[in-house]
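Just so you know, ligand 1 is whichever comes first in the structure, and atom 1 is the first atom listed for that ligand. Here, residue 1 is the first one in the sequence, and each next residue gets the next number.
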Amino acid sequence: MYAAKHGHGGPVFATGLDDHARARLTTLEELRAGLDRDELVLHYQPKVTVGPERRVVGVEALVRWQHPVRGLVYPDAFLPTAESADLMGRITGAVLDLACRQSRAWHDQGLDVPVAVNLSVSNLRDPAFPDQVAALLERYRLPASALELEVTESVLMTDADNALQRLGTLRDMGVRLAVDDYGTGYSSLGYLQVLPADDLKLDRAFVSRCGTDPRSAAIVHSTVQLAHSLGMRIVAEGVEDEEILDRLREYGCDYAQGYGIARPQNAETATAWLAAHAAVTAAPAHR
Ligand code: C2E
Ligand code: MG
Ligand code: MG
Ligand code: MG
């Protein structure tokens with residue numbers, strides 16, 4: 001591509017990097033404008049019990065950017081840029097607002113389903129974050145148990161003391177906490193020792209293979225036991241078929257999420273799904 005653009009003997013500048021930097025700048029400018037124009041939308045993916053009755057225990061809010069030209073943009077395509085430009089505070093603020101507003105609407109329709117929101121590392125660097133959450137809950141007249149916050153262990157990689165203190169404040173308010181993508185990245189048992197979480201979400205890398213790969217099966221099985229020993233509920237991510245669900249039941253896994261149960265859906269479709277699956281379930285007892 002480079003050669004075609006400049007021909008032989010053309011300038012040997014870091015053209016690729018320039019393109020990359022330009023694309024990043026464009027994304028950033030558009031994202032800032034998009035935030036001003038409320039272009040972020042949420043899709044919701046249900047979380048159900050693994051038992052035969054398959055009760056709905058919550059939904060996870062997943063952000064998408066409804067771009068005027070590019071269409072629906074997925075988080076992996078803009079969150080890293082947002083993160084590096086200090087925009088995650090605004091994005092999480094917008095996501096929390098949308099999630100709480102939806103939770104209120106569901107509550108008013110008799111669909112009492114807790115909503116989980118993903119946090120980024122930078123959210124917990126902000127000393128005002130717990131107060132922002134409290135203000136939103138109050139604004140939408142929601143009990144703290146209506147909200148769950150998902151964090152990866154990476155929130156403890158820098159400034160762990162402050163992050164832990166803020167997570168502790170949120171949990172004391174009654175907000176549920178989940179460790180997301182457990183088992184990947186920089187996860188270590190040391191984090192589990194100190195993170196005050198209610199739920200452990202086991203990454204789909206292990207879950208999706210536990211029906212065919214004995215090593216993955218052993219990891220899933222023992223992580224269920226580990227979570228339970230720590231007083232946590234365990235959520236299997238990325239459940240794509242019934243066979244996996246049978247396996248998870250056998251291992252004593254509590255909850256499951258995945259395309260095989262329900263895909264993330266826009267608010268309207270999710271509402272119909274929840275109504276059809278009678279999501280009139282209270283949040284599981286908090287602690
Ligand atoms: P995550 O929190 O681990 O969310 C699960 C991701 O896996 C979602 O991708 C979901 O659509 C996808 N998924 C669910 N079930 C299955 C399955 O059965 N098979 C497969 N292959 N994938 C499945 P999505 O929506 O593209 O989000 C990707 C990541 O972006 C999320 O991973 C989360 O880390 C981040 N993210 C999404 N929304 C937000 C947000 O509002 N704030 C922040 N900070 N991060 C977010
Ligand atoms: Mg998540
Ligand atoms: Mg995850
Ligand atoms: Mg993930």
**Q** Name the option, out of Leu40, Val151, Asp203, Asn118, that contains the heavy atom nearest to atom 42 (N) of ligand 1.
**A**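 The residue whose heavy atom sits nearest atom 42 (N) of ligand 1 is Asn118.
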
**Q** Going by the atom numbers of ligand 1, which of them fall below 4.0 Å from some non-hydrogen atom of Val95?
**A**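 Those qualifying, in numeric order: 41 (O).
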
**Q** Just heavy atoms, cut-off under 4.0 Å: does Asn123 contact ligand 1 by side chain, backbone, both, or neither?
**A**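 Neither part.
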
**Q** Could Asp199 and Arg176 be called an ion pair, given the rule that one side-chain N must be under 4.0 Å from one carboxylate O?
**A**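 Looking at Asp199 and Arg176, the cut-off is met.
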
**Q** Please indicate whether Glu53 has more than 12 foreign heavy atoms, meaning atoms of other residues, nucleotides or ligands, lying under 6.0 Å from its CD.
**A**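 More than 12 within 6.0 Å, yes.
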
**Q** Quick one: does ligand 1 sit under 4.0 Å from the side chain of Arg263, the backbone, both or neither, non-hydrogen atoms only?
**A**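 Near ligand 1, Arg263 shows nothing, with every heavy atom at 4.0 Å or more.
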
**Q** Can you tell me which portion of Ile91 lies within the under-4.0 Å heavy-atom range of ligand 1? Options are side chain, backbone, both, or neither.
**A**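 Within the 4.0 Å criterion, Ile91 makes no contact with ligand 1.
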
**Q** Should the pair Tyr251 and His221 be assigned to parallel (<30°), tilted (30 to 60°) or perpendicular (>60°) ring geometry?
**A**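 Aromatic pair Tyr251/His221 classed parallel.
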
**Q** Identify, by name, the N, O or S atom of Asp181 lying closest to the Mg ion (ligand 3).
**A**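 Result: OD1.
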
**Q** How wide is the angle at the Mg ion (ligand 2) between OE2 in Glu60 and OD2 in Asp180, to the nearest 10°?
**A**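 Glu60 OE2 and Asp180 OD2 form an angle of 180° at the Mg ion (ligand 2).
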
**Q** Identify, by atom number and element, the atoms of ligand 1 in contact range of Pro264, meaning under 4.0 Å from any of its heavy atoms.
**A**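 Per the distance check, 11 (O).
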
**Q** So between Glu240, Arg64, Glu60, whose heavy atom ends up nearest atom 20 (C) of ligand 1?
**A**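 Nearest heavy atom to atom 20 (C) of ligand 1 lies in Glu240.
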
**Q** May I ask you to list the atoms of ligand 1 that are less than 4.0 angstrom from any heavy atom of Pro75?
**A**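 Answer for ligand 1: 24 (P), 25 (O), 26 (O), 27 (O), 28 (C), 30 (O), 37 (C).
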
**Q** Heavy-atom contacts with Ser120 under 4.0 Å: which atoms of ligand 1 show up? List them by number with element.
**A**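 Here the atoms of ligand 1 in question are 44 (N).
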
**Q** Need the atom name: nearest N/O/S atom of Glu237 to the Mg ion (ligand 3).
**A**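 Per the distance ranking, Glu237 contributes OE2 as its closest N/O/S atom to the Mg ion (ligand 3).
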
**Q** For Glu150, is there any backbone N or O sitting under 3.5 Å from a side-chain donor or acceptor partner on Asn118?
**A**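 The answer is no, because no donor-acceptor pair under 3.5 Å joins these two groups.
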
**Q** Using the ring of each side chain (for Trp, its six-membered ring), is His277 parallel, tilted or perpendicular to Trp273, with breaks at 30° and 60°?
**A**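 Taking Trp273 first and then His277, their aromatic rings lie parallel (interplane angle under 30°).
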
**Q** Tell me which part of Glu237 gets within contact of ligand 1: side chain, backbone, both or neither, using heavy atoms under 4.0 Å.
**A**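 Answer for Glu237: side chain.
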
**Q** Strictly below 4.0 Å, N to O, side chains only: are Asp36 and Arg32 in salt-bridge contact?
**A**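 Here Asp36 does not pair with Arg32 in a salt bridge, since their nearest N and O are not under 4.0 Å apart.
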
**Q** Taking N, O or S atoms only and a limit of 2.8 Å, check whether Glu150 reaches the Mg ion (ligand 2).
**A**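 Coordinating: yes.
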
**Q** With a 4.0 Å heavy-atom cut-off (strictly under), which part of Leu62 contacts ligand 1: side chain, backbone, both or neither?
**A**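 For Leu62, backbone and side-chain atoms both sit under 4.0 Å from ligand 1.
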
**Q** When you look at Glu242 and Arg54, which way does the salt bridge (charged side-chain N to carboxylate O under 4.0 Å, His left out) test go after all the steps?
**A** CA-CA 12 Å; Glu242 284 296 324; Arg54 221 171 284 186; 3.2 Å; yes

**Q** Against ligand 1, does Leu119 come closer than 4.0 Å with any heavy atom?
**A**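 Leu119 counts as a contact of ligand 1 under the 4.0 Å cut-off.
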
**Q** What part of Val117 sits under 4.0 Å from ligand 1 if we count only heavy atoms: the side chain, the backbone, both or neither?
**A**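 None of Val117 does.
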
